[in-house]
Amino acid sequence: MQYSHLQDLNQAQLRAVEHDPNIPLQILAGPGSGKTKVLTTRIAHLISQRSIEPSSICAVTFTNKAANEMRERLSKLIGMETTSLIRMGTFHALCAMFLRRHANLVKLNGNFTVCDSDESKKIVSKLLKAHRVKLATKAITLREEAVLSLISKAKSKGHSPDDVLDMLEDPSKRRKAQKKADIGSISALIDQTIATLYRDYERTLRDNNSLDFDDLLIYGVRLFRDHRKVGKWCKHILVDEFQDTNTMQYELMQHIAAANRCVTIVGDPDQSIYGWRSAEVENLQRMRQDFPSTIQILLEHNYRSTGSILAASVAIVAQDKSRIPKTLHTQHAIGPNPTLQAFPSEYEEATFIATEIKRLLAATGDMLKWSDFAVLLRYNSLSRAIESALQQQGIPNRVLGGHKFFERSEVKDILAYMQVIDNPQFIPAFSRAVNTPSRGIGEKTISEMLTRAATLNLSPLEVAERIYDEQMPDIKPPVRRKLKSFIEPIKNLRKLANNGELPSNLIRTLLDLIHYENHLKKTQPDADSRWDNVQELINFAREFEVNESSNLQLPESPLPGERVAGENDWEDHPDEFDHNAFDEDGIAEIKPGANSKLASHRDTPLRLFLQASMLSTDVQTQDSRADNNKVTITTCHAAKGLEWPVVFVPAVEKGTFPSSRAEDVEEERRLLYVACTRAQGLLYLSHSTGRMVSGETKPQEISEFIWVVKRSTPGLFSATPPNLSREDRTLLASVLHRDAPDEAKVSQRLEEHYRTAGQTSWSSRPGGSTNRYRQPPSTSNFMPNSDAALTSTSYQGNLYFGSRTRHQPHAFVLQRRLHQQSHINPVQIKYTLFLEPHCRRPEVPSSTPRLGKLYPTNRTRKL
DNA sequence: CAATGGGTGGTTTTT
DNA sequence: CCACCCATTG
């Protein structure tokens, strides 16, 4: 490795990079201490100085995004080709790819489908119905999410359904708290029910040839634990965000590292924010026990933030009494204090953020751009007011997270077809696809098919096919003919898929065969944007194909879904292979020779694509690729590991920070710490004294996290935004490693800003009351005036102000939706008006009908 | 039996 | 603004 890469490391970082690979290493890295840099440089070091094969290195990240970033950074250090050999990804993705390859070793089928939480929820919901009556008599209602979360917790700890049931039956094994509860009491009934649900849920998943996220880890542990060969390739494993690993992930690390026990982990207990997902900070301690020679290196030098941001952040987290005190230094100057402001409502708060962003652009003479700003929220639904305000002021923005791309119904429709083709046993996909678009196959018919499938031990798809092929009697209300438009496309696509057709082409063919675009137009008001999403899915597939196929040409490629160690190992050392490990169910005959053939059958591009789809959370849209100069709105959780020059954290209020549902208050405090430490140059905390909570404006108090700090150390925050003096600008530039802005430009932009502010920003108009936005003078507003454009034919229609979907962010444009239902009387027209409080005077395209009057509302209102 | 529309209630955080 | 439940209609 070139000297230059090591040159700009500090001493601690350098020690971490060059640390003896054979001695387990814990790097405890505070925020902004360059941990990713250390991790990547260490990997480069291992390869170039310690002669470790890239393909023997396993790098585990917490999210796909982090994996991609690491891949990018490494590419710059050691080149794309070498980088692509490293086995990199999330624990889930790594498990998934090894499980595909070695499915038979843990009695799975290679074509298992990864079940997402939506489908899990539906499964639980179905199972829950059987218990509902019994529970209702005791006035208990169990919500699916609650059940699922308990199941997930059990699974993350490695408790099987039997373990849980045993614990219930044998009171001596119970925890004390549970012991107190009388047997037969309500809580015992709940426990019993949940244990049963857990068992049935697992059974259902297996019947569906499916694994949920937790299963990927559980089966991964089994695979690596019971079949040492599978992990033999690993000479060094590096784990990022170690403080957020759960028990299963810890064990995975152990078993993958088993052969050489060469481990590097990076973590920061102060940033552990995933306890609710069964992450255990204790894993840091546990590692030191399990790997007794572990060395700790502390990275305490923060390169990211100004002194005042760091001081405020540390003051927040230091309130945690159980925290192990740690130091963090910064080389940067103090800089302007973080701002702490109160607003009367979320709208003023949001409006302030929007105008402040504009002001900062001006005040820095455009040294800052839109993408330098982030708004970090405790939860996604807080984004509405922010999005709305940014839209209002024409600030480009993007919401990260939120409802995920892959959870959108149009995307799920397409994926369901793909899943059915790949894994006909996966019932959720079958049930969805079989009647999309509507074929007149309803609930009853589907459940009849499912029952037949269960009793005959066939996949539901086979049942449908047999009915269609007349190999099986039809169902009472004849359904055979209706199945034609389902079975024919499936047969077609299946053939293509088995011949290794590219997923993108499969999707295109599918869209054609089932006339999906038509279906959207007929059924969805926002068909255009939904169709865009479908196109985006094709783009995702294309991108995937390009990346994947280039990797496939490499003999030992590491990317998710890629052919990995197992196969080559078997061929290299066939005698070493443990044949007993195979299960008894007939697949046992697989020999190294036969395997490659089978493998080629297994790893259809479709399957790899589906796996990637299920494991990736978000997708880069065409839009964001073309123009990513946008303000980021996202959750504090999703912001982990990222940084921005300017960060806003709104809603720092009781009930939000900490969340009223949070179990662990200290974790919430750390979450706020994580959010604050994302900021490089400027940090704005704000709270509102009133906030709309489920339709009702409720008074809000400032978060105790801040209140306590503010009281004990008053000087940490400033009550007004920084005026951004020349000195501030220079500091900002130095923190960001940018050139200081041109002074003439600053004054020119500022002048321009204040000249136009009054016009563009209606919030700054004088004389408004708090609720002026929610009760606008009705005369100055609009409402559809039906007739003009709408008279001619007969239809039902909806009019929307601002379909505020993330993938089509053109809010406040009037959209018209027409239902062609010619039998309906022409005069019968219905409108729905979605009007956000911010939407005062929407731009109405001239092509749409003129509007009469508006009924003041802050909610949906029908006319 | 299926489709559709209307009404309603409810949202932490994520692989 | 979704997902879900219900009533009505085809």
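Residue numbering restarts at 1 for every chain, and letters A, B, ... go by the order of the sequence lines. These figures come from a predicted structure and were not determined experimentally. Every heavy atom of this structure was used, including side-chain atoms; hydrogens, water molecules and symmetry mates were not.
When the nearest nucleotides of DNA chain B are assigned to A/Glu668 and A/Asn64 by heavy-atom distance, the more 5′-ward of the two goes with A/Glu668. Taking for each of A/Glu443 and A/Thr90 the nucleotide of DNA chain B with the nearest heavy atom, the 5'-most of the two is the partner of A/Glu443.
Residue pairs meeting the side-chain hydrogen bond (donor to acceptor under 3.5 Å, both in side chains) criterion with at least one partner in residues 243-252 of chain A, sequence neighbours excluded, are A/Glu241-A/Gln243, A/Asp244-A/Lys640, A/Thr245-A/Asn283, A/Thr247-A/Glu280, A/Tyr250-A/Asp290.
Distances shorter than 4.0 Å separate some side-chain N or O of A/Asn435 from OP1 or OP2 on B/dA3. Note on A/Ser117: every side-chain N or O is 4.0 Å or more away from OP1 and OP2 of B/dT15. Look at A/Arg143 and you'll find a side-chain N or O under 4.0 angstrom from OP1 or OP2 of B/dT11. Here A/Thr445 reaches the OP1 or OP2 of B/dA2: one of its side-chain N or O atoms lies under 4.0 Å away.
With sequence neighbours left out, the salt bridge (Lys or Arg N to Asp or Glu O under 4.0 Å) criterion links A/Glu701 to A/Lys654. Residues passing the ring-ring contact (aromatic ring centres under 6.0 Å, His included) test with A/His687, sequence neighbours excluded: none. Taking the salt bridge (Lys or Arg N to Asp or Glu O under 4.0 Å) definition, one finds that A/Arg669 meets it with A/Glu666, sequence neighbours left out. Partners of A/Glu145 according to the salt bridge (Lys or Arg N to Asp or Glu O under 4.0 Å) rule, which considers only residues two or more places apart in sequence or in another chain, are A/Lys121, A/Arg143.
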Taking N or O atoms only and anything under 3.5 Å, show me the protein contacts with nucleotides 5-7 of chain C, one pair per line.
none

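Among B/dT15, B/dT14, B/dT11, the nucleotide with an atom closest to any side-chain atom of A/Arg661 is B/dT11.
To the nearest 0.5 angstrom, A/Thr61 atom OG1 is 10.0 Å from A/Glu69 atom CD.
Contact annotation for A/Thr63: backbone-only contact, meaning every heavy-atom pair under 4.0 Å involves sugar-phosphate atoms and none involves a base.
Between A/Glu145 atom CD and B/dT14 atom P there is a gap of 15 Å when expressed in whole angstrom units.
A stacked arrangement is not assigned to A/Phe62 and the six-membered base ring of B/dT15, the conditions of a centre distance below 5.5 Å and an interplanar angle below 30° not being jointly met.
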